[in-house]
Amino acid sequence: MTVRVRYAPSPSGTLHVGGARTALFNYLFARHHGGRFILRIEDTDKARQVEGSEVQMMQGLKNLGIQWDEGPDVGGDFGPYRQSERIAGHRAAARDLLAQGKVYPCFCTPEELDAERKLLQSRGLPPRYSGRCRTLSTAQAADWMASKPHVLRLRVPNQGTTVVHDLIRGDVVFENAQLDDFVIMKPDGTAIYNFAVVLDDAGMAISHVIRGDEHLSNTPKQILVAEALGIGGPQFAHVPMILAPDHTKLSKRHGAISVEEYRQQGILPEALVNYLMLLGWSNPSGAEFMTLAEAIEPFDLNRVQHTAAIYDQKKLEWMNGQYLRSVSLSRLEEAIRPFIEQAGIDCAHGPKLHAALELTRERARTLVELVENLRFLYQPPQHFDAKGVDRHFRDDAVAGRLERLAAELDASISWDHDGLVLLFDRLAQAEGVKRAAIIHPTRLALTGKTVGPGLFELMVVLGKQESTDRLRAIVYALRSPQGVPLTPLPGSA
RNA sequence: GACCCCAUGGUCUAGAGGCCUAGGACAUCACCCUUUCAAGGUGGUAACCCGGGUUCGAAUCCCGGUGGGGUCACCA
């Protein structure tokens, strides 16, 4: 059997981590088995549709490297890949079922049903459809159908069980009596989800449906539809959900949940994918760092967890930091370019970007952070860390010391790490202070901060001219009555 | 409420009856390294939800309880 799986989002929002993880597992499963990964857009509910959502979702998946083999944009032999374009098929199938009596029209109004539900609930009973229209005579039904709005309901057997053979959970048994005659077609002639998926999955020859856990309780309905249709359904695999730190469903109020937001935070897509695949699945080798391609071979639904995973931003950022350090400089440059522009940094002048990245990337967890770390290389500091000023500039001797340092630097012929070390040592000795007593004020003068790359490495990249210029500017400021401009808010140390 | 799913440190997980004195990773704490901050290294705190079985032996199997989650639309 050829493996064909799909990810079928409704274009009602952005691609969020839960959806991305589901798509990821589908993708990995397809690739592992040499099968096909299909993208289908479930856009039958016009009311919930969000403009641009479809494009955004596709872009999000592409950014993560999750490429589909068939879909609305790339086509395929089993199209159309937009559910709204399959409505004719849904209708034909519904008519067929109606002719066979497996489905019947229901004329109850939404208001009536609502009242009925409320009544049942108030008595502590499950809110299920009474089946009032189920027993209408065919003549009566046919008569009303011509004049009254109606939905179509599936005649669900009130006895027996429906069992879901789940690849992850095993057999899950549902009592048919627990289900009511659910709606499969709306009055406007469009299909309800539980009907449309079954038809579309069959139409696209989907072999395995891998989706979030929240769909498990829908599955018996879909199996019942498939049975009514006389078709064999796909195999099912329900993957655990991703929950927020407070153990509830992930939502906007938990902060970033859409993959677009992660991009904006400066999370590398390769890091996000790597983190996501570890939520609910583990490599038998024990490896945690894997590219998408490397995960294909070991991926197996047998190793998918049964428990919901709680999403942890800290670990994501840690992992991102690892990627920031290990990707190639050219990849890093490509990824950081937009952030540099957005931060208003012009790196056409000054150090080479590669050198700047090499110098600063070890200390960042996100691209946003990294940009701030390298800003000083292209822009002289405007403010100076208040605590640092208090600690390193308080001594009256500092100005003179920095002035002599600038002179020494000017006079030096070489400009490399070891030469600078020697120069600092010499000066420290002459001044009768420890080397650190010069290093710290110098870093503060050059970067405005007390933390950052090693001073000598930093100076090599900054260059001689810029370094001495900044030192002299500080000397001047220290001797002026206003002193040094401080950073407005503390805590930047 | 009904139905369904699930249950190893704060978090992600390894573990498929003896290899478990429960392993790894994030986080956290301490120390080392060090010109700062990171990174790195070393070490520490920290878990098998509870109760019954089955078995010579249970984190692993069974039952019950508890807890958490999901679903109960003319949404997907």
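In what follows, every chain begins at residue 1, and chains take the letters A, B, ... in the order their sequences are listed. Keep in mind that this is a model prediction, so the values were computed, not measured.
- The shortest distance between the side-chain N/O atoms of A/Q305 and the OP1/OP2 oxygens of B/rA14 is below 4.0 Å.
- When distances are taken from the side chain of A/I310 to each of B/rU36, B/rC37, B/rU11, the shortest belongs to B/rU11.
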Step-by-step side-chain hydrogen bond (donor to acceptor under 3.5 Å, both in side chains) determination, A/R211 to A/T22:
CA-CA 6 Å; A/R211 70 208 333 181; A/T22 301; over 6 Å; no
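- Among the protein residues, A/E317 comes within range of no part of the nucleic acid, since none of its heavy atoms lies under 4.0 Å from any strand.
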Please report the C-alpha distance between A/W144 and A/F107 in whole Å, then the side-chain angles of each, then the deciding distance to 0.1 Å, and finally whether the ring pair (Phe, Tyr, Trp, His ring centres under 6.0 Å) criterion is met.
CA-CA 8 Å; A/W144 282 357; A/F107 304 92; 5.3 Å; yes
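- Checking A/P187 against A/R21, the closest nucleotide of RNA chain B that is more toward the 5' end is the one next to A/R21.
- A/E297 is linked by a side chain to side chain contact (heavy atoms under 4.5 Å, CB included) to nothing, counting only residues two or more places apart in sequence or in another chain.
- Applying the salt bridge (charged side-chain N to carboxylate O under 4.0 Å, His left out) test to A/R82 and every residue at least two apart in sequence or in another chain returns A/E54, A/E85.
- Taking atom C1' in both B/rU28 and B/rG64, the straight-line distance is 37 Å, to the nearest Å.
- To the nearest whole angstrom, the two P atoms, one in B/rU55 and one in B/rC50, are 23 Å apart.
- Base pairing of B/rG10: its partner is B/rC26, meeting the Watson-Crick or G-U wobble criterion (both donor-acceptor distances under 3.5 Å).
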Taking only nitrogen or oxygen atoms into account, show me every contact under 3.5 Å that the protein makes with nucleotides 63-73 of chain B, one pair per line with its distance.
| unit_1 | atom_1 | unit_2 | atom_2 | d |
| --- | --- | --- | --- | --- |
| B/rU71 | OP1 | A/K249 | NZ | 2.9 |
| B/rU71 | O4' | A/S217 | OG | 3.0 |

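- Nucleic acid contact class of A/Q322 (heavy atoms, under 4.0 Å, all strands): sugar-phosphate only.
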Given ring pair (Phe, Tyr, Trp, His ring centres under 6.0 Å), test A/F299 with A/W281 step by step and report yes or no.
CA-CA 8 Å; A/F299 187 80; A/W281 175 77; 5.4 Å; yes
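- Inter-residue side-chain proximity for A/Y323 and A/R365 is flagged as unmet; no heavy-atom pair is nearer than 4.5 Å.
- Taking atom P on both nucleotides, B/rU60 is separated from B/rG9 by 14 Å, rounded to a whole Å.
- When the P atom is compared between B/rA27 and B/rC12, the two are found 15 Å apart, to the nearest whole Å.
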Evaluate the side-chain hydrogen bond (donor to acceptor under 3.5 Å, both in side chains) criterion for residues A/E288 and A/Q322: first the C-alpha distance (whole Å), next the side-chain angles of each, then the deciding distance (0.1 Å), finally the verdict.
CA-CA 11 Å; A/E288 293 217 55; A/Q322 299 294 316; over 6 Å; no
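- For B/rU34, neither phosphate oxygen OP1 nor OP2 lies less than 4.0 angstrom from any side-chain nitrogen or oxygen of A/R435.
- Remark: A/T450 is not in phosphate contact with B/rU36, judged by side-chain N or O atoms under 4.0 Å from OP1 or OP2.
- Across all strands shown, B/rC31 forms a Watson-Crick or G-U wobble pair, both distances under 3.5 Å, with B/rG41.
- A/H215 and A/Y193 have tilted rings, their planes meeting at an angle from 30° to 60° on a 0 to 90° scale.
- For A/R365, a side-chain nitrogen or oxygen approaches OP1 or OP2 of B/rA27 to under 4.0 Å.
- With sequence neighbours left out, the side chain to side chain donor-acceptor pair (under 3.5 Å) criterion links A/S12 to A/S10.
- Among the protein residues, A/T219 comes within range of no part of the nucleic acid, since none of its heavy atoms lies under 4.0 Å from any strand.
- Across all strands, A/F456 comes closer than 4.0 Å to base atoms (heavy-atom distances).
- Atom CZ in A/F289 sits about 13 Å away from atom C1' in B/rC12, given to the nearest Å.
- Within 4.0 Å of A/G212, counting heavy atoms only, lies no atom of the nucleic acid at all.
- Nucleic acid contact class of A/P453 (heavy atoms, under 4.0 Å, all strands): base.
- Residue-level contact check: A/V197 touches neither bases nor backbone, having no heavy atom under 4.0 Å from any strand.
- If you check every strand for non-hydrogen atoms under 4.0 Å, A/L316 touches nothing.
- Scanning for side chain to side chain donor-acceptor pair (under 3.5 Å) contacts around A/R91 gives an empty result, with sequence neighbours left out.
- Only the C1' atoms considered, B/rG68 is 15 Å distant from B/rU8, to the nearest whole Å.
- Figure legend. B/rU71 is base-paired to B/rA2; pairs are counted as Watson-Crick or G-U wobble with both atom distances under 3.5 Å.
- The side-chain tip of A/R153 points at the ring of A/Y129 from less than 6.0 angstrom away and within 45° of straight on.
- Residue A/R48 is classed as a base contact, given a heavy-atom separation below 4.0 Å to a base.
- In this entry B/rC19 has no Watson-Crick or G-U wobble partner, no candidate having both defining distances under 3.5 Å.
- Both A/S282 and A/A364 lie near RNA chain B, and the one whose nearest nucleotide falls closer to the 5' end is A/S282.
- When each of B/rA76, B/rC74, B/rC6 is scored by its nearest atom to the side-chain atoms of A/R169, the top-ranked nucleotide is B/rC6.
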Check the interface with nucleotides 19-24 of chain B: list each N/O to N/O pair with the protein under 3.5 Å, or write none.
none

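- The residue A/R361 sits apart from the nucleic acid: no heavy atom pair falls under 4.0 Å.
- Using a 4.0 Å heavy-atom criterion, one finds that A/T44 contacts the sugar-phosphate atoms exclusively.
- Among the atoms of the strands shown, base atoms are found under 4.0 Å from some heavy atom of A/L455.
- Contact between the side-chain N/O atoms of A/K314 and the OP1/OP2 oxygens of B/rA25 is not found at any separation under 4.0 Å.
- Side-chain polar atoms of A/H238 and A/T219 form a donor-acceptor pair below 3.5 angstrom.
- Between the P atoms of B/rG51 and B/rC56, the separation comes to 22 Å (whole Å).
- B/rA7 and B/rU42 have their P atoms separated by 33 Å, given to the nearest Å.
- Look at B/rU55: it lacks any Watson-Crick or wobble partner with both distances under 3.5 angstrom.
- With both ends at atom P, the span from B/rG57 to B/rA14 equals 28 Å, rounded to whole Å.
- Here A/E362 lies in heavy-atom contact (under 4.0 Å) with a base.
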